Amino acid sequence: MRGTHDLLADAMRRHRKVEETAATLAARSGFAEIATPIFEFTEVFGRSLGDTSDIVSKEMYTFADKGGDSLTLRPEGTAGVVRAFISGRLHQQLPFKGFYRGPMFRHERPQKGRLRQFHQIGVELLGAAEPLADVEVIALGYDILTALGVADLVQLEINTLGDGESRDIYRQRLVDYLRGHSERLSEDSQLRLERNPLRILDSKDPTDRAVIEGAPAMSASLTDAAKQFFDRVCEGLTALGVAFQLNERLVRGLDYYCHTAFEFTTDALGSQGAVLAGGRYDGLVAALGGPATPGVGWAAGVERLAMLIAEPDGAKRPLVIAPLDDGRDVEVLTLAQRLRRAGFTVEVGFSGNLGKRMKRANRLNARAAILIGGTEGSRGAAVVRDMETGEQVEVPLDSLDSHLERFR
RNA sequence: GCGGGAGUAGCUCAGGUGGUUAGAGCGCCAGAUUGUGGAUCUGGAUGCCGCGGGUUCGAGUCCCGUCUCUCGCCCCA
């Protein structure tokens with residue numbers, strides 16, 4: 001199916017490396033792993049993401065269930081987590097810190113690093129209004145990228161959208177300015193002017209950019225409180241040694257963001273450059289019907305990260321057991337099972353003569369081969385061959401386990 | 001959703017302007033080696049040429065449709 005992908009051995013290993021690294025580091029910062037359903041009532045997304053966002057207006061997989069309810073496969077993780085936070089009445093114990101991973105669904109035109117079913121990892125921190133929370137969340141993202149070995153490939157950009165008041169002021173100023181130049185804006189931006197004027201700021205269209213040059217700056221519209229908040233976020237990041245670059249054009253596509261917006265981007269993935277992005281969303285819990293609770297979080301694309309990381313270690317090198325003569329299938333399997341129960345990784349060939357089995361052992365990247373039966377077998381011993389050196393020794397069956405320790 | 005490129009063996013690719021049995025390298029299989037892998041040598045099989053339709057005496061090659069991938073836009077993780 002278009003825009004979907006099977007995760008086969010190698011891709012799955014990369015995928016797991018990303019998820020496991022993130023889950024481990026998130027847990028260290030107190031983010032417990034949670035899982036919410038991959039579908040929700042459609043209104044959960046409609047109310048949280050904003051009706052004018054592209055995700056809601058054209059990218060959702062929405063369907064009616066048999067009772068007539070409108071359901072939607074989740075296009076992102078935050079809305080579901082917040083819904084779970086509300087329905088589980090978790091506001092009793094704040095802050096709430098959750099880590100999630102799993103598939104997301106958006107009906108988009110696929111590209112490399114952009115799929116219709118893709119996977120995200122993410123964290124949400126609810127109930128902390130302090131800038132320190134933003135810092136902790138961003139620093140966790142940075143540490144995960146570092147642990148994955150991709151920190152050198154990405155750059156952190158941050159901006160502030162201000163509080164509600166700042167945002168309203170700025171929005172008005174921006175719209176006033178852009179209206180005066182609307183005939184020079186691209187077709188896309190003409191539409192954005194009505195629906196989401198802030199987005200025009202990061203348009204790639206060259207003529208748009210010329211108009212934007214003269215646009216009023218967001219920073220000039222910030223209230224003192226919003227400005228102070230952002231300063232403290234920046235100070236915190238600096239104190240932690242997390243390098244960032246201010247980008248006044250950085251905005252968010254989803255309505256629920258305020259204050260801090262940030263994005264780790266890379267130029268190694270073509271135009272799908274965002275690998276981990278998020279921000280603060282103080283109004284979201286209330287918008288979904290919960291008690292007013294501030295929040296901050298991020299999400300990262302697992303496939304995008306998986307493409308950036310180095311090849312993870314392969315599977316553990318196995319021991320291979322092969323018979324020296326016929327009729328030893330049961331013996332081979334019993335020994336294999338015994339060694340597996342002792343913690344060894346063991347493979348058995350199912351057919352073929354010794355040459356064929358050795359060949360297969362080689363392909364499996366076996367660490368050693370254990371040959372049973374034959375004349376050694378009649379002496380109560382097995383042949384153990386080191387597949388790296390070719391060195392071969394006869395080992396009594398009752399001391400086999402301890403002899404194999406070196407190949408574990 | 002808009003615009004460009006591509007689809008030939010398991011993989012990477014070659015197949016001027018249509019012309020019999022579609023090729024290479026790597027990999028795979030078999031043998032040289034019936035108690036031993038990697039290296040070498042010898043031999044072998046690779047295939048609805050993405051799918052469907054059309055033009056033609058004849059289509060991998062030209063045309064249309066469709067699917068998938070890919071690049072850019074849009075959007076975003």
Side-chain angles (χ1 to χ4, degrees), chain A residues 1-5 18 22 49 52-59 74-78 101-122 141 145 154 186-189 191-192 195-196 199-200 202-206 208 250-254 262-266 269-279 297-308 320 322-326 349 352-377 382-392 394:
Chain A
M1 250 176 81
R2 179 170 223 190
T4 64
H5 219 278
V18 171
L49 303 177
T52 61
S53 70
D54 278 37
I55 290 181
V56 171
S57 57
K58 55 190 197 208
E59 295 176 359
R74 62 183 185 191
E76 56 97 50
T78 303
R101 56 173 136 184
M104 305 292 165
F105 306 84
R106 291 183 199 172
H107 192 97
E108 296 189 280
R109 177 111 170 215
Q111 250 175 268
K112 192 209 293 276
R114 183 170 76 179
L115 301 168
R116 288 184 170 180
Q117 174 172 341
F118 62 107
H119 296 78
Q120 285 188 333
I121 50 178
L145 296 174
V154 301
S186 66
E187 207 175 314
D188 282 331
S189 288
L191 277 170
R192 286 191 279 231
R195 301 174 55 173
N196 195 346
R199 290 232 62 106
I200 297 174
D202 67 353
S203 170
K204 291 177 192 166
D205 186 281
D208 281 358
L250 177 65
V251 295
R252 304 274 73 193
L254 309 180
F262 61 92
E263 218 169 88
F264 287 89
T265 59
T266 178
L269 295 177
S271 60
Q272 309 307 320
V275 294
L276 187 154
W298 53 251
V302 176
E303 283 82 0
R304 290 182 186 178
L305 288 172
M307 284 190 284
L308 293 179
V320 168
L324 288 167
D325 39 28
D326 289 342
N353 59 28
L354 190 55
K356 234 172 246 177
R357 290 176 194 248
M358 290 301 288
K359 201 165 197 164
R360 234 174 280 145
N362 194 54
R363 246 201 314 264
L364 289 167
N365 193 27
R367 183 64 190 80
I370 302 157
L371 312 179
I372 63 174
T375 56
E376 294 86 345
V383 177
V384 176
R385 180 185 179 86
D386 185 324
M387 293 296 280
E388 263 170 29
T389 63
E391 193 184 339
Q392 224 164 260
E394 183 173 331

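All chains are named by letter (A, B, ...) in the order of the sequence lines, taking the proteins before the strands, and each is independently numbered beginning at 1. All of these numbers come straight from a predicted model, not from anything done at the bench.
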Rounded to whole angstrom, note down the [atom1] distance from [N] over to [M].
N: B/G3; M: B/U66; atom1: P; value: 12 Å
N: B/A24; M: B/A14; atom1: P; value: 16 Å
N: B/U20; M: B/U36; atom1: C1'; value: 49 Å
N: B/G27; M: B/G18; atom1: P; value: 37 Å
N: B/G23; M: B/G58; atom1: P; value: 23 Å
N: B/G43; M: B/U61; atom1: C1'; value: 33 Å
N: B/G10; M: B/G47; atom1: C1'; value: 11 Å
N: B/C62; M: B/U8; atom1: P; value: 15 Å

Open item on the list: Can you see whether A/His119 engages A/Glu303 through a side-chain donor-acceptor pair at a distance of less than 3.5 angstrom?
Closed with: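 A/Glu303 and A/His119 do have a side-chain donor-acceptor pair below 3.5 Å.
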Gap between atoms [atom1] and [atom2], on [X] and [N] respectively (whole Å):
X: A/Lys359; N: B/U33; atom1: NZ; atom2: C1'; answer: 11 Å
X: A/Arg367; N: B/G37; atom1: CZ; atom2: C1'; answer: 14 Å
X: A/Asn362; N: B/G27; atom1: CG; atom2: P; answer: 13 Å
X: A/Phe118; N: B/A77; atom1: CZ; atom2: P; answer: 8 Å
X: A/Ile121; N: B/C76; atom1: CD1; atom2: P; answer: 20 Å
X: A/Asp325; N: B/U36; atom1: CG; atom2: C1'; answer: 14 Å
X: A/Leu305; N: B/A77; atom1: CG; atom2: P; answer: 13 Å
X: A/Leu324; N: B/G35; atom1: CG; atom2: C1'; answer: 6 Å

Quick check for you: among [options], whose closest atom lies nearest to any side-chain atom of [X]?
X: A/Leu354; options: B/C76, B/U36, B/G38; value: B/U36
X: A/Arg363; options: B/U36, B/C28, B/A77; value: B/C28
X: A/Arg199; options: B/G38, B/A77, B/C75; value: B/C75

Open item on the list: Tell me whether the side-chain N or O atoms of A/Arg385 pair up with the base of B/G37 as donor and acceptor below 3.5 Å, since no angle test is needed here.
Closed with: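 Flag set: donor-acceptor pair detected.
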TODO: Tell whether A/Glu376 reaches the base of B/G35 with its side chain through a donor-acceptor pair below 3.5 angstrom.
DONE: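 Such a pair exists between side chain and base.
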- [ ] Summarise protein proximity over nucleotides 65-74 of chain B in one line of letters, 5' to 3': B for base, S for sugar-phosphate only, - for none, counting protein heavy atoms closer than 4.0 Å.
- [x] ---SSSBBBB
TODO: Measure the CD-CZ distance between A/Glu108 and A/Arg116 for me, rounded to the nearest 0.5 Å.
DONE: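 The distance works out to 8.5 Å.
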TODO: Give A/Ala361 one of three labels, base, sugar-phosphate or nothing, depending on what nucleic acid heavy atoms sit under 4.0 Å from its own.
DONE: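 It contacts nothing in the nucleic acid.
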TODO: Using a 4.0 Å heavy-atom cut-off across all strands, classify A/Val302 as base, sugar-phosphate, or nothing.
DONE: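 Answer is nothing: A/Val302 stays at 4.0 Å or more from every strand.
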Open item on the list: So, OP1 or OP2 of B/A30: does either fall under 4.0 Å of a side-chain N or O from A/Lys356?
Closed with: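 Looking at the OP1 and OP2 atoms of B/A30, one of them is under 4.0 Å from a side-chain N or O of A/Lys356.
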